[in-house]
Amino acid sequence: MAQRTRPTGRTVLVLLFDDVQSLDVTGPVEVFAGAEKHTPGTYRIRTATLDGAPVRTSSGLTVVPDHALADAPEPDTLVVPGGQGTRDPDPCLTDWLRGHGPRARRLVSVCTGAILLARAGLLDGRRVTTHWAYSGRLARDHPAVDVDPDPIYIRDGNVATSAGVTSGIDLALALVEEDLGRDVALTVARHLVVFLRRPGNQAQFSAQLAAQTARREPLREIQQWITEHPGADLSVDSLAARASLSPRHFARAFQAETGTTPGRYVDRVRLEHARRLLEDTGDGVEEVSRASGYGTTEAMRRAFVKALGTSPAEYRRRFRPAPAH
């Protein structure tokens, strides 16, 4: 097996601007800084604003940059965070990105930072993601960009885009793992008390978050019970009996209060449960299918192909983290 080449003093440059989202900045910075502490000399982390002046984040924090963009070192990895400041950015910022973005070995956006990259023409023809609340706007304003609102991050060539704030940490961990190996990334993740690592195609929402929470206690309890018992009999008749409602009344009430049918909700929960087992355990595909309520491996395969475009076995091959050595 070829020995991994460790980066030597690669510059990670983080763009700053007024009304930037502070976690979009500090999340990736903490990951790269943690990797630098573990393996000194691997990353030089720098921040820059257009004029070198401090900026005020959307939460009110003041951040003092290292450089003005004109004086900033050429980045190996250019990180573009998001925040309210992406709504009406300074044209000079977009111009700088247009001219300097292509020079970076890796171009990274967090949350609505993708909007800045798109304005600079750096995402045309790319498959990207952003925060779910802004994915429609990004797709509408930039039809040449292939926007996928579901994953927490996407790698397309040397361009990497991530969803909402905390997903920037997931993406940064993936980049550290690429540069320095799993052991270093795992050490950083443990220090930050986060997972190493959520697969990039993991949905931004869990099944529970994708649906609304029911107002009435019996229906909320049913939602929770479904999540905790994906392998049980989750037919409408069975769930209605558990809620002490008629099947017709239960189905109507569930959809009215959650925004989805019982069947679709069950499908999401089972798919999410199966994905977690494939990612986090060594259980066989047959065992996973039973535990997730599919009954047969063929039923689970059909569900995966329909929802994810891949088989369970291929999903595990692509997204289960490699074992530590």
Side-chain angles (χ1 to χ4, degrees), residues 9-38 40 42-101 103-104 106-120 122 130-134 137-138 152-153 160-173 175-176 188-189 191-194:
R10 289 177 172 173
T11 297
V12 177
L13 181 64
V14 184
L15 209 59
L16 300 178
F17 46 87
D18 282 323
D19 279 331
V20 69
Q21 162 62 251
S22 56
L23 274 176
D24 288 4
V25 176
T26 57
V29 164
E30 289 291 345
V31 170
F32 287 113
E36 167 63 21
K37 288 177 183 176
H38 183 278
T42 51
Y43 295 116
R44 293 191 304 267
I45 304 163
R46 299 291 185 268
T47 57
T49 61
L50 268 175
D51 57 3
V55 296
R56 193 170 177 83
T57 71
S58 57
S59 60
L61 296 174
T62 297
V63 182
V64 180
D66 297 306
H67 306 281
L69 282 175
D71 302 322
E74 286 290 337
D76 171 81
T77 299
L78 177 59
V79 179
V80 182
Q84 296 176 11
T86 63
R87 295 178 182 176
D88 188 23
D90 189 317
C92 292
L93 190 62
T94 304
D95 289 343
W96 187 91
L97 279 171
R98 187 178 296 112
H100 290 77
R103 303 180 191 177
R106 291 190 302 214
L107 195 54
V108 177
S109 70
V110 183
C111 197
T112 54
I115 293 175
L116 295 181
L117 294 183
R119 281 174 175 259
L122 300 175
T130 188
H131 191 288
W132 61 268
Y134 296 93
R137 171 188 166 186
L138 181 61
I152 60 172
Y153 65 82
T161 54
S162 60
V165 285
T166 59
S167 61
I169 295 174
D170 295 287
L171 177 52
L173 285 168
L175 298 178
V176 167
V188 174
H191 181 73
L192 296 177
V193 197
V194 295

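Below, each value reflects all heavy atoms present in this structure, side chains not excepted, and no hydrogens, waters or symmetry copies.
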Heavy-atom closest pair (Pro65 atom, Gly52 atom, distance to 0.1 Å) is CG-O, 3.4 Å

Roughly how far, to the nearest 0.5 Å, is CZ of Arg56 from CG of Leu61? 8.0 Å

Rounded to the nearest 0.5 Å, what separation is found between the OG1 atom of Thr161 and the CG atom of Leu117? 8.5 Å

Parallel, tilted or perpendicular, judged at 30° and 60°: which one describes the rings of His131 and Tyr134? perpendicular

Got a donor-acceptor contact below 3.5 angstrom from the Thr130 side chain to the Cys111 backbone? yes

Within residues 86-100 or reaching into it, pairs that qualify as salt bridge (charged side-chain N to carboxylate O under 4.0 Å, His left out) - sequence neighbours excluded: Asp95-Arg98

Quick one, Val63 and Val20 - any side-chain contact, counting heavy atoms below 4.5 Å? no

Would you compute the distance between atom CG of Leu69 and atom CG of Leu13 and round it to the nearest 0.5 angstrom? 7.0 Å

Take Thr86 and Thr112 through the side-chain hydrogen bond (donor to acceptor under 3.5 Å, both in side chains) test and state the conclusion after the steps. CA-CA 7 Å; Thr86 63; Thr112 54; 3.2 Å; yes

Close side-chain approach of Leu78 to His100, heavy-atom, < 4.5 Å: no

Closest approach of Asp24 and Gly82, non-hydrogen atoms and distance? OD2-N, 2.9 Å

Counting N and O atoms only, with roles assigned by atom type, does the side chain of Glu36 sit under 3.5 Å from a partner on the main chain of Tyr43, one being a donor and the other an acceptor? yes

Sequence neighbours excluded, which residues qualify as salt bridge (charged side-chain N to carboxylate O under 4.0 Å, His left out) partners of Arg106? Glu178, Asp179

Over all atoms of both residues, closest heavy-atom pair of Ala172 and Phe32: CB-CE1, 4.1 Å

Picking from Val108, Val176, Val31, Val79, what satisfies side chain to side chain contact (heavy atoms under 4.5 Å, CB included) with Leu171? Val108

Hey, mind stepping through Leu97 and Leu15 against side-chain contact (heavy atoms from CB on, under 4.5 Å) and telling me if it holds? CA-CA 10 Å; Leu97 279 171; Leu15 209 59; 3.9 Å; yes

Could you tell me which non-hydrogen atom of Ala48 sits nearest to which non-hydrogen atom of Ala72, and how far apart they are? CB-CB, 4.1 Å

If you measure from NE2 on His67 to CZ on Arg46, what distance do you get to the nearest 0.5 Å? 5.0 Å

Hey, are the side chains of Thr57 and Val25 touching, using non-hydrogen atoms and a 4.5 Å cut-off? no

How many angstroms lie between CG in Leu107 and CG in Leu122, if you round to the nearest 0.5 Å? 5.5 Å

With Thr47, which of Val64, Leu16, Val55 fulfils side chain to side chain contact (heavy atoms under 4.5 Å, CB included)? Leu16

Quick one: CG on Leu23 to OG1 on Thr166, what's the gap to the nearest 0.5 Å? 8.5 Å

Do the non-hydrogen side-chain atoms of Pro73 and Arg44 ever get within less than 4.5 Å of each other? no

Is there a side-chain contact between Ile152 and Ser162 in this structure, where contact means two heavy atoms from C-beta onward sitting under 4.5 Å apart? no

